Amino acid sequence: QKLHLQQTTSPKLGLRILSCYEDKALYSGMAQSRRWAVQISMLVIACSALTALMLYRSLLAPVEDMVRQIVRIKYNDAQCLMRTSPCDEFKVFTREINGMIFRLRDHARQEMRMQQEIYETGMRHATEHTLLLQSQINPHFLYNNLECICGMVMSGNERAVRTMCT
C-alpha cells in the first residue's frame with residue numbers, strides 16, 4: 001500500500017501537523033466528486049429537456065398553429081378556427097386571428113352575394129333586351145308580310161293570296 005504524507009503548519013501556534021493517507025482514501029473523495037458531478041450534469045440535462053418541452057408546448061406549438069392557419073387564410077381555406085392556447089399572450093393572438101377569419105368569411109359571403117346580384121341583374125338585362133328586340137321584330141315582320149300580300153294583290157295574283165291566307 002502506498003501512503004501519502006501531508007504536512008500542515010500553523011503559523012500562529014507554530015505547530016506542524018503531519019497527516020498520513022492511504023492511496024484509496026486520497027482518491028475516494030475524487031471519485032465521490034465525479035459521481036456527484038455526473039449526477040448533477042444528468043439532472044441539469046433532464047431539467048433542460050423539460051424546459052425545452054415546456055417552451056415548445058407553450059410557445060412554439062401555438063406559433064406553428066398560427067402559421068398554419070395564416071397559410072390557410074392566404075389560400076382562402078379559412079374553414080376552421082384556431083384552438084386557444086393556455087398562454088395569455090397567445091390567447092390575444094388567437095382571438096385576433098379568429099376575428100380576422102370571421103371578417104374574411106363575412107367579406108367572402110358579401111362578395112358572393114354581390115356577384116350573384118350582378119349576375120342576376122345581367123341576366124335580367126339580357127332577357128329584357130331580348131324581349132325588346134323581339135317586340136321590335138314582330139311588328140316589322142307583320143308589316144313586311146302585309147306589304148307582300150298587298151303587292152301580290154296589286155299584281156293580280158289573288159289566287160296565291162287566298163292560298164297564303166287560308
Side-chain angles (χ1 to χ4, degrees), residues 27-166:
Y27 293 111
S28 66
M30 293 174 82
Q32 183 69 24
S33 296
R34 278 191 205 133
R35 280 194 295 270
W36 278 100
V38 167
Q39 289 175 350
I40 289 172
S41 298
M42 296 296 282
L43 185 62
V44 167
I45 290 171
C47 287
S48 298
L50 285 174
T51 304
L53 181 62
M54 287 173 42
L55 283 174
Y56 176 78
R57 284 188 176 172
S58 64
L59 294 176
L60 293 178
V63 169
E64 287 174 352
D65 285 344
M66 283 184 206
V67 168
R68 274 189 233 105
Q69 188 67 22
I70 289 170
V71 168
R72 282 182 182 162
I73 292 169
K74 179 180 176 184
Y75 294 109
N76 295 326
D77 182 26
Q79 297 301 321
C80 61
L81 299 176
M82 293 182 62
R83 297 184 315 257
T84 56
S85 77
C87 185
D88 286 338
E89 292 84 8
F90 289 109
K91 281 183 183 178
V92 172
F93 289 127
T94 303
R95 186 178 61 236
E96 291 301 317
I97 287 177
N98 286 340
M100 184 175 62
I101 291 169
F102 284 131
R103 288 189 298 278
L104 285 173
R105 282 183 186 170
D106 291 343
H107 179 69
R109 286 182 187 135
Q110 185 179 21
E111 184 72 25
M112 287 180 71
R113 268 190 251 117
M114 289 174 58
Q115 290 293 332
Q116 184 69 26
E117 288 175 12
I118 291 170
Y119 174 76
E120 289 172 358
T121 303
M123 289 300 293
R124 274 195 307 271
H125 178 69
T127 304
E128 290 170 0
H129 186 66
T130 304
L131 291 174
L132 177 67
L133 289 175
Q134 283 178 347
S135 69
Q136 289 175 355
I137 290 174
N138 287 340
H140 184 68
F141 180 72
L142 182 61
Y143 176 77
N144 284 344
N145 283 338
L146 290 175
E147 278 294 314
C148 189
I149 291 171
C150 185
M152 289 171 75
V153 168
M154 293 185 125
S155 68
N157 202 354
E158 294 174 11
R159 184 179 282 206
V161 173
R162 277 191 211 123
T163 307
M164 188 168 43
C165 292
T166 55

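Here the structure is a predicted model, which means the values were calculated and not measured.
- Atoms OG1 and CD, from T121 and E128 in turn, are 10.0 Å apart once rounded to the nearest 0.5 Å.
- From D106, atom CG reaches atom CD of E111 across 13.0 Å, with rounding to the nearest 0.5 Å.
- Rounded to the nearest 0.5 Å, atoms NE2 (H107) and CD (Q110) are 7.5 Å apart.
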Evaluate the criterion side-chain contact (heavy atoms from CB on, under 4.5 Å) for residue pair E120 and Q116; output intermediate values, then yes/no.
CA-CA 6 Å; E120 289 172 358; Q116 184 69 26; 3.0 Å; yes
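- How far OG of S48 is from CG of L43: 9.5 Å, rounded to the nearest 0.5 Å.
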Would you sort out whether L133 and H129 count as a side-chain contact (heavy atoms from CB on, under 4.5 Å), showing the intermediate values?
CA-CA 6 Å; L133 289 175; H129 186 66; 3.7 Å; yes
